[in-house]
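Predicted model, so just to flag it, every value in this text is computed and none were measured. Both counts, for ligands and for their atoms, begin at 1 and track the order of listing.
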Amino acid sequence: MNLDTRRLRYLQAMGIQAWGLRRPDTSPVETAARPAQGGDVTGPVDGLDWDDLRAKVAQCTACSLHKGRTQTVFGTGAREASWLIVGEAPGADEDIQGEPFVGRAGVLLNAMIRAVGARREQVYIANVVKCRPPSNRNPRQEEASQCAPYLARQVALLRPRLILAVGKVAANNLLACDQPLGKLRGEIYEYGPQKIPLVVTYHPAYLLRKPSEKAKAWADLRLAMSVAPAIAD
Ligand code: URA
Ligand code: SF4
């Protein structure tokens, strides 16, 4: 099976019609004029290696989300990954299993990853906050701020070639803005002092509710692939 046939199958798994393939994305790469935001690693996590960082997160009580968690959800995937995918927060399934995106949204995220030619284990997946918010509410600003150094350190350790922010919460936190997702799509931003290219797309949970938006998500994924392939070459 060649790559195109395989991709077609995964696009179908994403629920995207085959005609989506007929417009290869040649849109120009734009870099946001705004300065890079966030991602400063300061304080106690600066310099930690993977194991120490994971251990620190596991014991963290820096915000009130620690009270409701079964366990922290640190992140999963390849440490040499080309792509870092960032979601919002663990849900019930993730809180129980200790791994991001293992519930219904995760099934669609996996299809999105296959559509860009990678397997889940070949990218790195993490969230803005590492503990499940009560009743799956959005993380509050102070919670996201307390947790941000952990993700920033993950980025510094990974040095991914691309960050894909899925959903408004991830996009707004990583870009330190409050724009609706629809306004943020279609551009290439930069994250942190390392100026890692960042692309935003819809959250798979949103795509499950609104499958008609999947074609736009596929356009976002093609934009992301134009920055860096999902598998390191
Ligand atoms: N939604 C997210 O944003 N992250 C997860 O890990 C699971 C669902
Ligand atoms: Fe710590 Fe982040 Fe969990 Fe808050 S969400 S307790 S900052 S690990």
Atom pairs and distances, side-chain donor-acceptor, residues 81-100, under 3.5 Å, sequence neighbours left out:
{"unit_1": "S82", "atom_1": "OG", "unit_2": "P229", "atom_2": "O", "d": "2.6"}
{"unit_1": "W83", "atom_1": "NE1", "unit_2": "A228", "atom_2": "O", "d": "2.8"}
{"unit_1": "W83", "atom_1": "NE1", "unit_2": "P229", "atom_2": "O", "d": "3.4"}
{"unit_1": "E94", "atom_1": "OE1", "unit_2": "G91", "atom_2": "N", "d": "2.9"}
{"unit_1": "E94", "atom_1": "OE2", "unit_2": "V102", "atom_2": "N", "d": "3.0"}
{"unit_1": "E94", "atom_1": "OE2", "unit_2": "G103", "atom_2": "N", "d": "3.1"}
{"unit_1": "D95", "atom_1": "OD1", "unit_2": "T70", "atom_2": "N", "d": "2.7"}
{"unit_1": "D95", "atom_1": "OD2", "unit_2": "T70", "atom_2": "N", "d": "3.4"}
{"unit_1": "D95", "atom_1": "OD2", "unit_2": "T70", "atom_2": "OG1", "d": "2.4"}
{"unit_1": "E99", "atom_1": "OE2", "unit_2": "R120", "atom_2": "NH2", "d": "2.8"}

TODO: Quick one: list whatever passes side chain to side chain donor-acceptor pair (under 3.5 Å) with Y206, sequence neighbours left out.
DONE: E213

Polar side-chain atom of [X] near backbone of [Y] as donor-acceptor pair, under 3.5 Å:
X	Y	answer
R153	L53	no
R185	K216	yes
Y189	L184	yes

Task: Cut-off under 2.8 Å, centre atom 4 (Fe) of ligand 2, protein N/O/S atoms - done: C63 SG

Open item on the list: Looking at D178 and K168, is there a salt bridge between them, counting it only when a charged N and a carboxylate O are closer than 4.0 Å?
Closed with: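 Answer for the salt bridge query: yes.
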
- [ ] On the 0 to 90° scale, with breaks at 30° and 60°, tag the W50-F74 ring pair as parallel, tilted or perpendicular.
- [x]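 Judged by the thresholds at 30° and 60°, the geometry between W50 and F74 is perpendicular.
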
Task: Set of residues that line ligand 1, where lining means a heavy atom lies under 4.0 Å from it - done: G87, E88, A89, E94, P100, F101, N127, H203

Open item on the list: Among R132, K130, R137, R69, which residue satisfies the salt bridge (charged side-chain N to carboxylate O under 4.0 Å, His left out) criterion with E143?
Closed with: R137

Task: L221, L198, D220, I113 screened by side chain to side chain contact (heavy atoms under 4.5 Å, CB included) with L164, the one that passes - done: L221

